[in-house]
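To keep things clear, I will list the structure first and then write my remarks on it.
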Amino acid sequence: MEKKLLHFTLNGDPKTVAVKPGRTLVQVLREDLGMTGTKRCCNSGACSSCSVLVDGQVVNACSVLACQVENKEVSTVEGVAEGGTLHPLQESFLDEGGLQCGFCTPGMIMAAQELLSRNLEPTAEDVRHQIAGNLCRCTGYVKIVNSILTAAKRMREAQS
Amino acid sequence: MMDFDVTSVKTLDEALKALSEYGDDAKVIAGGQSLLNILKQGLMAPEILVDIKGVAELDGLQIGASIRIGANTSHRTLEDASALDETWPVLREMEHDLASVQIRNWGTMGGNLCIADPTGDPAPVLMAYDAEAEIAGPEGKRRLPLEAFFVDYYETVLEPEELLTAVEAPAPPPRSGVAHEKFRNVEGDAPIVVAGVRLTLTEDHRRVEDVRIALGGVAPVPIRALEAEKVLRGQEPSDEALAEAAATAPGETAPIPDITASEAYKKKLVRVLVHRAAGRALERAKGT
Amino acid sequence: MKPYSVLGKPIRRVDGVEKVTGAAKYTVDVQLPGMLEGRIFRSPHPHAKILNVDVTKARALPGVKAVITAADTLKKPYGNWRRYEHLLDEYPLAWDKVRFIGDEIAAVAAVDEDVAEEALTLIDVEYELLPAVFDPVEAMKDGAPAIHEGATVDHNVSETRHIEYGDVDEAFSRCDRVREDEFTLHPVAHAAMEPHASVATTGFSGRVTIWTSTQVPYYIQILLAGALGLEEGKVRVIRPHVGGAWGGKIEMFKDQYCAARLSQMAGRPVRLEYTREEEFATTRRRTPMKYYLKTGYMKDGRLVAKEARTILDGGAYNGMGPTALYLTGFFQAFPYSIPNYRYNGYHVYTNKSPSSSMRGFGGPQAEFTCDSQLDMIAEDLGMDPAELRLKNSMTPGYEIPGYCKVASCGIQECIERSMESTGWREKRGKMPHGKGIGMGCYGFMSGGVFNWINTPYAFSGAMIRMGVDGFVDVYVGSSEIGQGSDTVMAQIAAEELGVPMDMVRVTSGDTSICPPDLGAWGSRQTLMTGNAVKMAAQDLREQLFEVARGMMMPNIVYAFEAKDGRIFLKERPKRGVDLFEVVKVAVRGQEGQQLIGRGFYTPHGKGMVSPAFSFGAQVSQVEIDLETGKVHMDQVTTAHDCGQVINELGVEGQLEGAFVMGQGYTLAENLVTEEGQVLNPSFVDYKLMRAPDVPVKFESLLVETFEPEGPFGAKEAGEGLTNPNAGCIANAIYDAVGVRIKDMPITPEKILKALEEKKAKEKA
Amino acid sequence: MKIEETFRVEAPVERVWDFMVNPKTMGPCVPGFVSAEEVSEDVFDTVMKVKVGIISLKMFARTQVEEKRVPEYMKASGDGHDRLKAGSFHQETTVSLKDLGDDATEVGYAMNVRVVGKLATFGEKIMRATANKMGAKIAENVKKALETKE
């Protein structure tokens with residue numbers, strides 16, 4: 001099938017890529033743009049390892065046709081740390097032990113980032129609900145939930 | 001294999017034109033949260049996808065005497081719509097617990113209904129709310145009750161050149177309560193059985209004036225439990241009456257056994273969920 | 001309070017920053033110029049003769065660069081069982097027969113995945129279908145189809161294991177009571193988030209370099225070299241970050257062989273990544289077992305004799321099944337002192353994907369059956385099941401002659417502390433119908449003393465170099481697979497050398513740089529590689545002291561100490577020098593001497609299983625929906641004895657993760673097959689626990705003992721933690737609603753059915 | 001996946017037999033049937049269009065008659081796959097006829113299909129859902145074809 005030009009913003013930078021119409025966003029990010037921070041794990045929208053933000057909303061990049069993000073803003077885990085300093089979410093994942101093998105971590109962080117962008121005072125239940133789609137085989141989620149709550153707390157403190 | 005062309009349309013007319021042009025070779029994609037999985041498996045090989053996600057006139061809610069949900073409205077939009085709390089709160093409840101946030105953000109109400117997976121969450125709730133489907137085609141628009149929209153397992157009444165444009169549900173009559181129940185063994189997972197109930201009391205709150213019981217996951221299509229409704233209609237709103245109706249419902253179902261549960265167990269779940277949903281609907285009706 | 005500066009504290013993972021920023025490279029992220037995409041052609045039949053394989057059409061497809069079939073292989077069986085050749089039953093590509101749906105027949109490398117997939121559809125194979133058998137008991141019957149024609153295979157039984165000590169029959173004859181039960185255990189998938197994947201490239205020198213997702217780089221080097229007919233030095237295995245493994249990556253898999261072979265033939269790098277469907281349907285599974293258990297005991301609760309029999313559904317090939325066969329028998333007698341014990345296990349071929357090692361390596365099956373039966377015994381005696389466990393649990397110094405010696409053992413304290421903190425005595429049997437509390441106990445090995453490949457010895461090695469760049473470089477062959485071993489090794493080195501963590505760099509899992517190490521299986525890294533690292537650090541420290549002595553010229557011979565980046569006189573701490581001044585003097589001094597410490601470890605005379613054992617007790621509290629049978633996990637408390645805690649954060653993480661994995665094993669996960677076809681090879685249909693399912697309250701009690709054989713007294717904290725989950729949940733369910741489910745998984749449907757049958761009985 | 005039906009046809013057993021052993025006449029009774037070609041004696045190539053809900057696949061199969069006991073029993077087996085090889089299947093079919101006298105026949109029809117590949121794993125539920133209906137439809141079509149006087 002003919003390739004078509006796709007224009008979108010990736011972590012703030014304008015991108016133009018020629019892609020086949022049948023390609024998914026995760027393929028374009030990982031294969032065509034070499035942005036391998038976003039992981040492909042189940043390729044069926046059931047594990048959310050490939051979570052990225054599209055116009056600020058978290059989606060499964062394996063279940064989004066690349067051509068559907070035309071003119072939209074996509075952010076990935078590579079864009080979370082700014083100016084060489086880690087995001088509070090990343091710091092608290094390290095402090096709370098919110099990761100082990102790390103394969104689900106980029107997706108977790110993107111899902112958490114969406115939550116905190118809407119609600120800086122989440123309860124543990126809010127957090128568990130937000131990451132219900134994100135599978136993790138290592139941690140049992142306990143320390144991931146703690147990490148996100150700690151990040152929220154730190155971000156609140158930084159604001160006040 | 002994902003080897004197809006995609007044409008992104010911006011208006012309903014463009015969409016319909018594209019569909020009548022390509023006919024059987026085309027499939028409609030909105031959010032594609034289910035469709036893409038089927039395409040990846042190679043279980044369907046369309047020449048072209050008609051991408052309607054950008055059709056603004058199919059997106060969003062119109063709230064008045066009834067609620068009109070554009071086919072392109074995302075699950076997340078419904079989940080966040082506080083304007084529903086007054087009259088259609090259970091739509092929000094249901095959406096809040098549908099699949100994962102990632103899927104709610106990109107998946108649409110129209111897509112969910114058109115895939116016609118009988119275990120889908122929205123259909124039974126919408127059927128309880130007495131919703132209608134609005135379909136656009138070459139000959140213009142037609143409307144039909146949502147329960148008539150589903151024909152068979154993963155099959156709807158839509159002709160290849162037709163498009164679901166919206167679902168519309170009236171405000172429940174006064175003294176009504178609505179509730180949604182579902183069972184799943186793992187949270188955040190697809191439900192095994194879903195129940196939606198709308199229960200309306202008589203003015204004196206002494207009798208059940210009307211009731212609608214809708215079920216998902218217990219037949220090739222979402223169904224109404226009409227016998228169970230009959231049992232309850234006109235009765236005193238006692239727990240016994242609810243229990244009797246709930247006990248009737250399983251007889252109206254024909255669940256497909258699968259690796260998640262046997263036919264017998266699904267029937268048991270029907271009784272439990274109908275009883276619970278009816279109970280909560282009754283409480284809400286009393287509160288009005 | 002121990003004098004440690006980095007041990008026993010919650011320490012950030014050394015690989016953490018890379019992982020939270022997306023910078024960490026996993027095998028699936030490796031991209032090389034000109035890299036081809038590989039795909040594997042698999043059998044659609046559970047059992048068939050291969051009459052003909054025709055790949056001419058596939059080879060002719062534009063964009064296809066290489067296609068391999070058995071004709072391009074050495075047709076030599078391979079596997080971890082090099083020391084037990086009769087167990088080698090698997091070939092790089094099937095040539096005579098296919099034995100399960102998914103058996104590998106051919107592989108292609110093409111310019112992209114679309115072309116590769118199209119090429120697969122152009123491969124034509126002629127089969128002669130053979131009758132298939134899917135149930136191990138059926139497979140053992142006369143006239144069942146023979147899946148392998150090995151001289152040592154009889155009625156599809158590929159291996160048997162026997163364990164016996166004490167006088168079992170005599171002991172049974174003097175027991176007050178005897179209880180017999182049968183259990184069925186189901187298959188589950190490792191379901192690591194990162195699929196099996198390899199990227200291989202062949203240089204003009206003929207040297208193969210492979211990046212691969214594995215627990216055992218050293219094994220892969222040997223096995224791949226063997227399968228390709230190369231000297232081991234001609235194969236370099238690099239293990240990038242690994243996205244989970246749990247025993248699912250301790251063997252050579254076809255992605256590794258095919259990527260390497262295809263890269264040889266195409267002369268270009270080849271990536272071969274399994275799809276999620278291939279992960280579920282064609283790799284490995286936790287071994288399904290039929291378990292028969294007979295226990296004899298006295299009225300006072302003393303366990304006197306036990307007999308266990310298992311039939312393992314091995315699937316189409318041995319995998320590591322025979323080890324699971326042995327270990328499930330061995331740990332059936334853990335962590336209790338049972339003086340008379342007999343075990344007979346049978347490993348049986350069936351036409352399904354092979355079952356093999358998975359976290360616990362037979363332990364979860366052993367403890368589920370053992371703990372379930374113990375509670376039934378306690379009820380029979382009218383005893384508190386926790387008291388029964390206290391009465392019979394092992395104590396330090398416990399010995400099973402000829403099998404193992406248990407030096408450190410904190411099981412009793414674990415039981416007591418988990419009882420206290422959960423209010424066991426107030427709760428057990430006293431909560432309202434539907435709520436329940438249950439206990440499970442466990443013990444597990446800290447690394448196997450055995451090795452399957454080439455030598456009988458388990459070994460680990462380490463090398464530590466200090467350079468003028470101000471860093472300590474630790475080189476180990478251990479495998480960081482997410483469990484945190486790199487962090488543990490860094491802590492041990494930092495502690496021993498008295499330097500801060502951020503001065504230590506760990507390089508692991510590259511066979512051309514790191515010392516050989518058997519890798520990550522059997523919970524061996526902390527104890528075995530840890531000992532090697534400690535020894536290397538001591539060796540290096542002595543070298544530093546020597547130089548320091550030359551610098552400081554103390555007039556009498558003082559003992560030196562290294563701490564906080566300084567080397568000083570033990571008795572006069574003020575007199576000292578900066579550690580890196582010492583390094584600089586040594587390296588830049590007139591001798592130009594290099595500071596490299598060597599360390600190695602291999603257990604000798606440590607019995608047949610392990611030099612040391614971890615122990616623990618787990619208490620779970622559940623609430624059950626009496627109308628649907630659904631189990632809600634309220635709370636879990638685990639008291640774990642891992643000797644000296646190295647990294648608190650790491651141990652807790654392992655405890656929590658292991659429990660939730662076990663919760664899935666017990667309540668939801670099940671790899672369902674029908675006539676050999678896996679029906680749920682996706683995360684849509686295979687149910688892993690999700691965040692809202694896990695216990696809201698999770699309590700980890702770290703019971704510290706000192707293990708003389710472990711580095712700083714440390715033991716394992718990884719696999720053993722999966723062993724008690726199923727039993728303790730099953731026992732809590734029984735306490736809640738009085739039904740005992742003996743066939744796993746314990747689904748809501750089974751619970752509800754049992755509840756109804758119970759009601760019916762009570763009526764009658 | 002099993003498709004089983006036992007039904008009564010108002011037609012003499014010989015006629016039912018001739019009808020059911022001939023793919024040209026029997027084929028059209030199977031929903032989705034497209035064509036059947038005789039390759040050699042008792043070997044047929046058939047094309048089916050499987051359309052189950054959203055799933056729509058063209059399946060190519062070769063069927064071989066393995067056992068015939070005129071006019072009461074026939075066993076046939078076959079292998080097939082779809083164009084993209086998303087799925088392949090192996091099927092065994094037995095037809096047994098019982099003469100009920102006065103021009104009526106009892107037909108026992110059993111088809112055991114083993115589908116593998118994505119079609120089986122993804123389509124599992126969908127196919128189970130339709131298996132029963134499939135059997136009923138076949139029976140209905142056979143009756144219609146045979147009971148209408150020619």
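Computed from a predicted model, the values in this text were never measured in an experiment.
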Q: For chain A, find which of B/Val101, B/Leu35, B/Ile103 contributes the most heavy-atom pairs closer than 4.5 angstrom.
A: B/Val101

What are the sub-3.5 Å donor-acceptor pairs between chain B and chain A, distances to 0.1 Å?
residue, atom, partner, partner atom, Å
B/Asp5, OD1, A/Lys4, NZ, 2.8
B/Val6, O, A/Lys4, NZ, 2.9
B/Ala30, O, A/Gln68, NE2, 2.9
B/Gln33, NE2, A/Ser63, O, 2.8
B/Asn37, ND2, A/Ser44, O, 3.1
B/Lys40, NZ, A/Asn43, O, 2.9
B/Lys40, NZ, A/Cys62, O, 2.7
B/Asp51, OD1, A/Gln68, NE2, 2.8
B/Arg76, NH1, A/Glu114, OE1, 3.3
B/Arg76, NH1, A/Glu114, OE2, 2.9
B/Arg76, NH2, A/Glu114, OE1, 3.4
B/Asp80, OD1, A/Arg118, NH2, 2.9
B/Asp80, OD2, A/Arg118, NH1, 3.3
B/Asp80, OD2, A/Arg118, NH2, 3.0
B/His96, O, A/His129, NE2, 2.7
B/Gln102, OE1, A/Ser48, OG, 3.4
B/Gln102, NE2, A/Ser51, OG, 3.0
B/Gln102, NE2, A/Asn134, OD1, 2.9
B/Asn105, OD1, A/Gln57, NE2, 3.1
B/Asn105, ND2, A/Val58, O, 2.7
B/Asn105, ND2, A/Glu114, OE2, 2.8
B/Trp106, NE1, A/Gln68, OE1, 3.3

Q. Nearest heavy-atom pair of A/Cys47 and A/Cys42: which atoms, and what distance?
A. N-SG, 3.5 Å

Q: Heavy-atom pairs under 4.5 Å with chain A are the metric here; pick the option from B/Val186, B/Ile29, B/Ile48, B/Leu49 that has the most.
A: B/Ile29

**Q.** Portion of A/Ile131 that has a non-hydrogen atom of chain B nearer than 4.5 angstrom
**A.** neither

Q) Are any side-chain N or O atoms of B/Lys266 and backbone N or O atoms of B/Pro257, one a donor and one an acceptor, separated by less than 3.5 Å? A) no

Q) If only atom types and distance count, is the side chain of B/Asp85 paired as donor or acceptor with the main-chain N or O of B/Trp88 below 3.5 Å? A) no

Q: Find out whether A/Cys67 and A/Val19 are in side-chain contact, i.e. whether some heavy atom of one side chain is under 4.5 Å from a heavy atom of the other.
A: no

Q: Check side chain to side chain donor-acceptor pair (under 3.5 Å) between B/Thr11 and all other residues, then give those that pass, not counting sequence neighbours.
A: none

Q) Looking at B/Tyr129 and B/Val90, what are the two nearest heavy atoms and their distance? A) OH-N, 3.3 Å

**Q.** Expected output: side-chain B/Thr165 to main-chain B/Glu134 donor-acceptor under 3.5 Å
**A.** yes

